[in-house]
Trainee: 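Let me give you the structure first, and then I'll get to my questions.
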Amino acid sequence: MSGLQPGTKLWLGRYSTFFVIVALALLGLLLSFTAHAAWLWLFCAAMPFVAIGVFDMVQPHHSLLRNYPVIGTMRWLFEDLRPYLRQYIVEGDEEGRPYARADRSLIYARAKKEEDRQAFGTELDTYSSEYEWMTHSLAPTPVAKEPFRVTVGGSECAKPYSAAVLNVSAMSFGSLGRNAIEALNLGAKTGGFYHDTGEGGLSPYHRIHGGDIVWELGSGYFGCRNRDGSFSPERFAEKAADDQVKMIEIKLSQGAKPGHGGVLPAAKVTPEIAEIRGIALGEDCISPSRHPAFDTPAQMMEFVAQLRELSGGKPVGIKLCVGHPSETFAIIKGMLKTGIRPDFVVVDGSEGGTGAAPRELADHVGMPLREGLVLMRNALVGAGLRQQVKLAASGKVTSGFSMAANMAIGADWCNAARAFMFSLGCVQSMRCHTGHCPTGVTTNDARLQRGLVVSDKAQRVAHFQHHTVEALAELIAAAGLEHPSELLPHHLWHRVSPIEVRPLDRLYTFLPAMALVEGADETPYAAEWHAADADSFAPRRDVGPRRAA
């Protein structure tokens, strides 16, 4: 090829693989006639690649394939396989995002009632800046025999609820298939914990097995809405009266996509989804980015009171990913102004999961769970409301230690979503938004859902929850305590550098009772507290200096 022009050499180089495959196909065909019929196998093996090469050269969409037929296709193939190759071959036990293999393996083991103990010591780097540990006591207490419970519902509740300390977080029917929803609810029934419906409405699959339900109301009010999307008190009261519905949760925002509404295209609105959500068939299903039922924190508290009354006195709470601190304090001022308190607040960390979200929102909007939980705890404690309002944490809860860490900061209980998906068999294929989930969890494709057997997976859901709470009980006993409510920030230590460690109460500010009401100027939140207004989510004054024009 030394005598060829440079352009010709480049052309031959780009198409050389395709030419070799064509030559092999022709050679196989020729030898099958002249030598032995077995050579026909070479022809048959090469022809699919010839067809791929021809298609690559004539298709108009991908320049790489047109310029490098067959080789370009192999590149796309390996790119598609990359997540699986990393997960199953390349990744170490403590690597992998969003969940490390070690975390997934622990969940799988507990769900299947397999060995979950570890030999030969920790694999964690105890001198890395991410390492944390709980302090233990030289006088441990006996491990609790009964599962821990938390009573939710204040004096305004006629029907308080005794909640488990680990429950199924919000996941809607539609995002999850019917078999997955059924398995989660049957597992909740078996294990004695609750199952949050997510904002997609109260479906028959949430109710068929009788597990405890927390009905989440998002901004679309699915299942209790009028034709124009406004809230329908009559429809809400009818469904909330169901004994299976134990609590009501108003979703203000979600960790993975806070401040973002949603649209389910008309093409995906099946007759079943339309009936469950109370929407029109053949029209886009809109979830507004904010609630139409209220415009201010004080009005939101009135909405809480309305739902409590309509439900017959069941606990009503709010769920949010913490955003502007002034808005959190505005909610607190709404409670103080109206005298109405939600029975609970669920803080959803920005590390929470979702079926699909814009990358910018998933990666860079909203407070991570720990910071959000500290802020909400300080808001409630600083206003003297903590004894009246329970606090829950949701976001990457996978083990007894992750639960204990949240509770040391102030959570009364924890919710988990993706961990329970793993217990159903999820393999973190990252295809939740495509409708092609290989394990049948996040798909409505009946052929894929067939792989998820409800009776079998429900047992795994119950086993995971039971063994994780059991592990929490062992940690509580090792710390010399009797209940998770006794955990405090100083029980959790964090490594700041290879030569410095601190307990959490020396890393974060934890306000004393009434500190915001009696002396906000003495706290780090003075500007945000003074800017907060019960009659507006927007701050009444600038929190920081304005940007120069």
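Everything quoted here is computed from the prediction, not taken from an experiment. Start at 1 with the first residue, then count along the sequence. Both backbone and side-chain heavy atoms feed into the values below; hydrogens, waters and symmetry mates do not.
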Trainee: For side chain to side chain donor-acceptor pair (under 3.5 Å), just list the numbers for Y525 and N378, CA-CA rounded to whole Å, side-chain angles, deciding distance to a tenth of an Å, and then say yes or no.
Mentor: CA-CA 10 Å; Y525 306 112; N378 282 338; 2.8 Å; yes

Trainee: Should E249 and W215 be marked as a side chain to side chain contact (heavy atoms under 4.5 Å, CB included) after you check the CA-CA gap, both sets of side-chain angles, and the distance that decides it?
Mentor: CA-CA 6 Å; E249 178 181 279; W215 183 11; over 6 Å; no

Trainee: Whether the side chain of H209 engages the backbone of G211 through a donor-acceptor N/O pair (distance < 3.5 Å, no angle test) should be reported.
Mentor: no

Trainee: Who pairs with K251 by salt bridge (Lys or Arg N to Asp or Glu O under 4.0 Å), at least two apart in sequence or on another chain?
Mentor: E199

Trainee: Pairs under 3.5 angstrom only: tabulate donor-acceptor contacts from the side chains of residues 315-330 to other protein residues two or more places apart or in another chain.
Mentor:
from: K319; atom 1: NZ; to: E216; atom 2: OE1; distance (Å): 3.3

Trainee: Quick one: side chains of residues 453-466, donor-acceptor pairs under 3.5 Å with protein atoms, not counting sequence neighbours, listed by atom name and distance.
Mentor:
from: H463; atom 1: ND1; to: A111; atom 2: O; distance (Å): 3.2
from: H463; atom 1: ND1; to: Q459; atom 2: O; distance (Å): 3.2
from: Q465; atom 1: NE2; to: L166; atom 2: O; distance (Å): 2.9

Trainee: Strictly by modelled atom types, are W413 and Y194 linked by a side-chain donor-acceptor pair under 3.5 Å?
Mentor: yes

Trainee: Determine the minimum heavy-atom distance between Q388 and R341, stating which atoms define it.
Mentor: OE1-NE, 2.9 Å

Trainee: Only one of D348, N406, N167 forms a side-chain hydrogen bond (donor to acceptor under 3.5 Å, both in side chains) with S394, so which one is it?
Mentor: D348

Trainee: Could you tell me which non-hydrogen atom of S402 sits nearest to which non-hydrogen atom of T398, and how far apart they are?
Mentor: OG-N, 3.1 Å

Trainee: Just by modelled atom types, is the P498 backbone N or O under 3.5 Å from a matching donor or acceptor in the R495 side chain?
Mentor: yes

Trainee: Side-chain contact, heavy-atom cut-off 4.5 Å: L504 with I409?
Mentor: yes

Trainee: Considering residues at least two apart in sequence or located in another chain, which fulfil the salt bridge (Lys or Arg N to Asp or Glu O under 4.0 Å) criterion with D196?
Mentor: none

Trainee: To the nearest 0.5 Å, what is the distance between CZ on F222 and CD1 on I276?
Mentor: 12.0 Å

Trainee: Below 4.5 Å, heavy atoms only, C-beta onward: do W493 and L507 meet side chain to side chain?
Mentor: no

Trainee: Is the shortest heavy-atom distance from the side chain of R104 to the side chain of I107 under 4.5 Å?
Mentor: no

Trainee: Apply salt bridge (Lys or Arg N to Asp or Glu O under 4.0 Å) to R418 and list each qualifying residue two or more places apart in sequence or on a separate chain.
Mentor: none

Trainee: Give a yes-or-no answer on whether the side chains of E114 and Y108 include a donor-acceptor pair shorter than 3.5 Å.
Mentor: no

Trainee: Above 12 or not: heavy atoms from other molecules or residues under 6.0 Å from CD of E522?
Mentor: no

Trainee: To the nearest 0.5 Å, tell me how far L448 CG sits from C437 SG.
Mentor: 7.5 Å

Trainee: Is a side-chain N or O of R386 found less than 3.5 angstrom from the main chain of V389, in a donor-acceptor match?
Mentor: yes

Trainee: Say whether, by atom type as modelled, one donor and one acceptor occur between the side chain of Q449 and the main chain of R178 under 3.5 angstrom.
Mentor: yes

Trainee: Could you check whether any side-chain heavy atom of L452 comes within less than 4.5 Å of a side-chain heavy atom of V441, counting everything from C-beta outward?
Mentor: yes

Trainee: Quick check on Y127: does its OH atom have over 12 non-hydrogen neighbours (other residues, nucleotides or ligands) under 6.0 Å away?
Mentor: no

Trainee: Distance check, rounded to the nearest 0.5 Å: Q254 atom CD versus S350 atom OG?
Mentor: 12.0 Å

Trainee: Between S172 and S175 (side chain of the first, backbone of the second, donor and acceptor by atom type, cut-off under 3.5 Å), is there such a pair?
Mentor: no

Trainee: Using modelled atom types only, decide if a donor and an acceptor are shared between the side chain of S423 and the backbone of F420 within a distance under 3.5 Å.
Mentor: yes

Trainee: Could you check whether any side-chain heavy atom of V346 comes within less than 4.5 Å of a side-chain heavy atom of N415, counting everything from C-beta outward?
Mentor: yes

Trainee: With a 4.5 Å cut-off on side-chain heavy atoms, are M335 and I331 touching?
Mentor: yes

Trainee: Which residue in the set K246, H206, K189, M171 passes side chain to side chain contact (heavy atoms under 4.5 Å, CB included) when paired with H195?
Mentor: H206

Trainee: Quick one: pull up OG1 in T17 and CD1 in I71 and give me the separation to the nearest 0.5 Å.
Mentor: 3.5 Å

Trainee: Identify which one of L511, I332, V381 satisfies the side chain to side chain contact (heavy atoms under 4.5 Å, CB included) criterion when paired with L516.
Mentor: L511

Trainee: Using the side chain to side chain contact (heavy atoms under 4.5 Å, CB included) rule, take D212 and Y161 through it: C-alpha gap first, then chi angles, then the decisive distance, then the call.
Mentor: CA-CA 10 Å; D212 289 354; Y161 177 62; 2.8 Å; yes

Trainee: Does a donor on one side chain sit under 3.5 Å from an acceptor on the other, for Q244 and R207?
Mentor: no

Trainee: So which heavy atom on P140 is nearest to which on A478, and how close?
Mentor: CB-CA, 4.3 Å

Trainee: In chain order, what residues pass the salt bridge (Lys or Arg N to Asp or Glu O under 4.0 Å) check against E132, with sequence neighbours excluded?
Mentor: R370

Trainee: With a 4.5 Å heavy-atom cut-off, do M376 and L391 have their side chains touching?
Mentor: yes

Trainee: Measure across G400 and T468 and return the closest heavy-atom pair with its distance rounded to 0.1 Å.
Mentor: N-CG2, 3.7 Å

Trainee: Which atom pair, heavy atoms only, marks the closest approach of A531 to V543?
Mentor: CB-CG2, 3.9 Å

Trainee: With no hydrogens and no angle check, just 3.5 Å: does a side-chain donor-acceptor pair link Y205 and N179?
Mentor: no

Trainee: Counting distance only, does the side-chain N/O of Q118 pair as donor-acceptor with the main-chain N or O of G121 below 3.5 Å?
Mentor: yes

Trainee: Please indicate whether E500 has more than 12 foreign heavy atoms, meaning atoms of other residues, nucleotides or ligands, lying under 6.0 Å from its CD.
Mentor: yes

Trainee: When you measure from the centre of the six-membered ring of W529, is the NZ or CZ of K333 under 6.0 Å away and within 45° of the axis?
Mentor: yes

Trainee: Salt-bridge test for K314 and D243: reply yes if a basic N is under 4.0 Å from a carboxylate O, no otherwise.
Mentor: no

Trainee: Considering non-hydrogen atoms only, spot the tightest contact between T151 and P160 and give its length.
Mentor: CG2-CB, 4.3 Å

Trainee: With distance as the sole test, does E518 use its side chain to make a donor-acceptor pair with the main-chain N or O of A515 at under 3.5 Å?
Mentor: no

Trainee: Determine, step by step, whether L369 and K396 satisfy the side chain to side chain contact (heavy atoms under 4.5 Å, CB included) criterion, reporting the C-alpha distance in whole Å, the side-chain angles of both residues, the deciding distance to 0.1 Å, and the verdict.
Mentor: CA-CA 9 Å; L369 177 58; K396 295 193 78 169; over 6 Å; no

Trainee: Report the distance from atom NE2 of H467 to atom CG of D116, rounding to the nearest 0.5 Å.
Mentor: 7.5 Å

Trainee: Quick one: do L487 and I476 satisfy side chain to side chain contact (heavy atoms under 4.5 Å, CB included)? Show the steps, please.
Mentor: CA-CA 8 Å; L487 283 167; I476 298 301; 3.6 Å; yes

Trainee: Any chance you could measure R506, atom CZ, to H494, atom NE2, to the nearest 0.5 Å?
Mentor: 15.0 Å

Trainee: If we ignore hydrogens and angles and just use 3.5 Å, is the side chain of T443 paired with the main-chain N or O of G440 as donor and acceptor?
Mentor: no

Trainee: Are any of the side-chain heavy atoms of M247 and F344 separated by less than 4.5 Å?
Mentor: yes

